[in-house]
Amino acid sequence: MAHPQFAAELLQRAEQQGPITIGLAGAGQMGTDIVVQVALMPGMRIGAISEVRPQAAIDAALLAGHDRSDIVQAGNAAAIDRAIEAGKIAVTEDLHALAAAGRIDVIIDATGNPNIGTLFALEVMKNGKHIVMLNVEADITIGRFLKEEARKAGVVYTGAAGDEPACTLEIIGFARSLGFNIIAAGKGKNNPLKIDAMPADYEKEAAERNMNARMLVEFVDGSKTAIEMVAIANATGLVPDVPGMHGPTATLEELASVLCPREDGGVLHRKGVVDYSIGKGVAPGVFCIIETRHPRVLERMVDLKVGKGPYFTIFRPYHLTSLEVPLSAARAVVYKRADMEPLDHPVAEAVAVAKSDLGLGQSLGMIGENDYRGFAMTWEDARARGALPLGLAERAKVVKPIKTGDFLTYENCVPDDSMVITQIRRRLDQSDGRFVTNAA
């Protein structure tokens, strides 16, 4: 959560050192939001945008209120630096140039591709820059490796404010600071869960919502929820209670009496879990169920109308997605601190489950398409099943036929070894999934 004085600190820093200069990779829906929002923020500016469709970057800058004469094309790092020194925004098609430009303080990855995002993050960090990853898919697959690379480079690797995981972490941190016991944490799911959703059935709705059908289906079929809850788990040590989580239809008022232990009338087998609700009044918010048994604290919480106790819901009714992301970039520069980073060892895994029958020799598509969906479970459970991490499913080859509803495993699928994310994940798994840092 931003400190009340943060805006003043940003202005003060800008007066002394110039504004925080952001490099942005990707000017799609989220990237465009970021360009517009940064233009409204004190002490910050967009220095350069890398985009394979340069016109999309130009359109984003124009939408943010920049003059066309202040948006210039740049083919290399030196040209980007010259543009920034002249107070202009550089547009480049070259991610390497963006990573190398010396006038950029921090880079936001909004490319949306786990493998490209990984390669890019590594290059950004090698160039001594902080990196804000909107790429939760990469983070849940090899985040602990990226965090360690950032430590070695002396920079910050962080998840993005505004996304549900970082927003949930905000209230988990608040509750833990007060000494409350965390029972469950998670989000309200925005769409009804339909595990067999296919893009062809969502073309119309996607067009109406100005997004592509594959991305919409990633939300509808539960993949995105699995990814986000695993990200929270691996940043906090909370775990999925059961494979797939419970996902009750609990309303906001019911949350604390449903996502609590079974002996107290809830659904949980243990305390300290990640989960989600499809009940009314929870989405688009995030929540944390806490417990207190001290009579005085209980009395005060009840008196303050937080709930009945001993379990209470701490709730944030909104997450502003891309609009909040620049705050993570600013905090990385000013405080050298991550809003969200994985633990050294994962506790949960998002794995892939077949959405249709998959045939021998088939090469698999992307998350949100027709082949598979994301599914959350504990790291130990995924390992015991030999389940394929969701982040490695794209371009994997089927080596044994897979029935709808079955897990993709290392036995029935071979991930694409030409992708750097596959190579890094294999190294992590070979060390028994434990990534030991060299930190003293």
Between Lys336 and His130, does a side-chain contact (heavy atoms from CB on, under 4.5 Å) hold up when you go through it step by step?
CA-CA 9 Å; Lys336 309 286 186 282; His130 310 298; 4.0 Å; yes

Taking Glu85 first and then Arg82, would you say they form a salt bridge - that is, a charged N and a carboxylate O separated by under 4.0 Å?
no

Tell me whether Arg316 is salt-bridged to Glu324, with the criterion being a basic N under 4.0 Å from an acidic carboxylate O.
yes

Distance-only, no hydrogens or angles: does the Asp163 side chain make a donor-acceptor pair with backbone N or O of Pro165 under 3.5 Å?
no

Quick one: does any side-chain atom of Asn181 pair with a main-chain N or O of Glu291 as donor and acceptor, under 3.5 Å?
no

Side chains of Val155 and Ile131, heavy atoms from C-beta outward: is any pair under 4.5 Å?
no

Any side-chain heavy-atom pair from Glu369 and Val217 closer than 4.5 angstrom?
no

Any sub-3.5 Å donor-acceptor pair from Asn127's side-chain atoms to Lys129's backbone N or O?
no

Is there a donor-acceptor pair closer than 3.5 Å between any side-chain N or O of Asn412 and the backbone N or O of Pro401?
no

Any chance you could measure Met229, atom CE, to Tyr276, atom OH, to the nearest 0.5 Å?
10.0 Å

With a 4.5 Å heavy-atom cut-off, do Ile195 and Val353 have their side chains touching?
no

Out of curiosity, Ile314 CD1 to Ile290 CD1, how far, rounded to the nearest 0.5 Å?
4.0 Å

Please lay out, stage by stage, how Phe120 and Ile107 fare under the test side-chain contact (heavy atoms from CB on, under 4.5 Å).
CA-CA 10 Å; Phe120 181 56; Ile107 287 183; 3.6 Å; yes

What is the distance from atom CG of Leu24 to atom CD1 of Ile108, rounded to the nearest 0.5 Å?
6.0 Å

Do Thr141 and Pro114 have side chains that approach each other closer than 4.5 Å (heavy atoms only, starting at C-beta)?
no

Met215 atom CE: more than 12 heavy-atom contacts under 6.0 Å
no

State plainly whether the residues Glu228 and Lys224 are in salt-bridge range, i.e. N to O under 4.0 Å.
no

Residues, nucleotides or ligands: over 12 heavy atoms within 6.0 Å of Tyr335 OH:
yes

Step by step, would you call Thr313 with Ile289 a side-chain contact (heavy atoms from CB on, under 4.5 Å)?
CA-CA 5 Å; Thr313 302; Ile289 310 297; 3.4 Å; yes

What's the spacing between Leu408 CG and Ile402 CD1 if we round to 0.5 Å?
4.0 Å

Inter-residue atom distance Met419.CE - Leu392.CG, 0.5 Å rounding:
7.0 Å

Charged N-O contact under 4.0 Å between Lys126 and Glu123:
no

Report, one line per pair, each donor and acceptor closer than 3.5 Å where one atom sits in a side chain of residues 34-48; sequence neighbours left out.
from: Arg45; atom 1: NE; to: Thr21; atom 2: OG1; distance (Å): 3.1
from: Arg45; atom 1: NH1; to: Ile84; atom 2: O; distance (Å): 3.3

Examine distances only and state if a side-chain atom of Ser328 and a backbone atom of Asp339 form a donor-acceptor pair shorter than 3.5 Å.
no

With a 4.0 Å cut-off on N to O distance, would you call Glu218 and Arg214 a salt bridge?
yes

Applying the side-chain contact (heavy atoms from CB on, under 4.5 Å) criterion to Asn234, which one of Asp139, Val274, Leu343, Val347 satisfies it?
Val347

Test log, rule salt bridge (Lys or Arg N to Asp or Glu O under 4.0 Å), inputs Glu380 and Arg383:
CA-CA 5 Å; Glu380 288 85 359; Arg383 198 166 178 79; over 6 Å; no

Short side-chain to backbone donor-acceptor contact, Thr378 and Ala348, under 3.5 Å
no

Those residues at least two apart in sequence (or on a different chain) that pass side chain to side chain donor-acceptor pair (under 3.5 Å) with His319 are Glu164

Got a donor-acceptor contact below 3.5 angstrom from the Lys187 side chain to the Thr168 backbone?
no

Ion pair Lys147/Asp344, N-O distance below 4.0 Å
yes

Verify the neighbour count for atom NZ of Lys400: are there more than 12 heavy atoms of other residues, nucleotides or ligands below 6.0 Å?
no

If you apply the rule side-chain hydrogen bond (donor to acceptor under 3.5 Å, both in side chains), what do you find for Ser223 with Asp221, and how did you get there?
CA-CA 6 Å; Ser223 296; Asp221 72 6; 2.7 Å; yes

How long is the straight-line distance from CG of Leu98 back to CD1 of Ile49, given to the nearest 0.5 Å?
9.5 Å

Does Tyr372 reach the main-chain N or O of Ile367 with its side chain, forming a donor-acceptor pair under 3.5 Å?
yes

Between Arg395 and Ser418, does a side-chain hydrogen bond (donor to acceptor under 3.5 Å, both in side chains) hold up when you go through it step by step?
CA-CA 10 Å; Arg395 289 171 30 187; Ser418 71; 3.3 Å; yes

I'd like to check the ring pair (Phe, Tyr, Trp, His ring centres under 6.0 Å) partners of Phe375; sequence neighbours left out, ordered by chain and number.
Phe407

Assess, by modelled atom type and distance only, whether the side chains of Asp94 and Thr92 contain a donor and an acceptor separated by less than 3.5 Å.
no

pair Asp70-Ile89: side-chain heavy atoms closer than 4.5 Å:
no

Is it true that, when you exclude Glu411 itself, more than 12 heavy atoms of the residues, nucleotides or ligands shown sit nearer than 6.0 Å to its CD?
no

Under 3.5 Å: donor-acceptor pair, side chain of Thr404, backbone of Ala354:
no

Do Glu148 and Arg144 come close enough that some side-chain heavy atom pair is under 4.5 Å?
no

Near Phe174 CZ, under 6.0 Å, is it more than 12 heavy atoms from other residues, nucleotides or ligands?
no

Can you find a heavy atom in the side chain of Arg337 that is under 4.5 Å from one in the side chain of Thr158?
no

Are Asn370 and Ser356 close enough that a side-chain donor and a side-chain acceptor fall under 3.5 Å?
no

Does a side-chain heavy-atom distance below 4.5 Å link Val273 with Leu259?
no

Between Asn115 and Ile421, is there a donor-acceptor pair closer than 3.5 Å when you use the side chain of the first and the backbone of the second?
yes

Verdict with supporting geometry, Val239 and Arg270, side-chain contact (heavy atoms from CB on, under 4.5 Å)
CA-CA 10 Å; Val239 293; Arg270 57 181 140 188; 3.7 Å; yes

So, Gln29 and Asp33: side-chain donor and acceptor under 3.5 Å apart, yes or no?
no

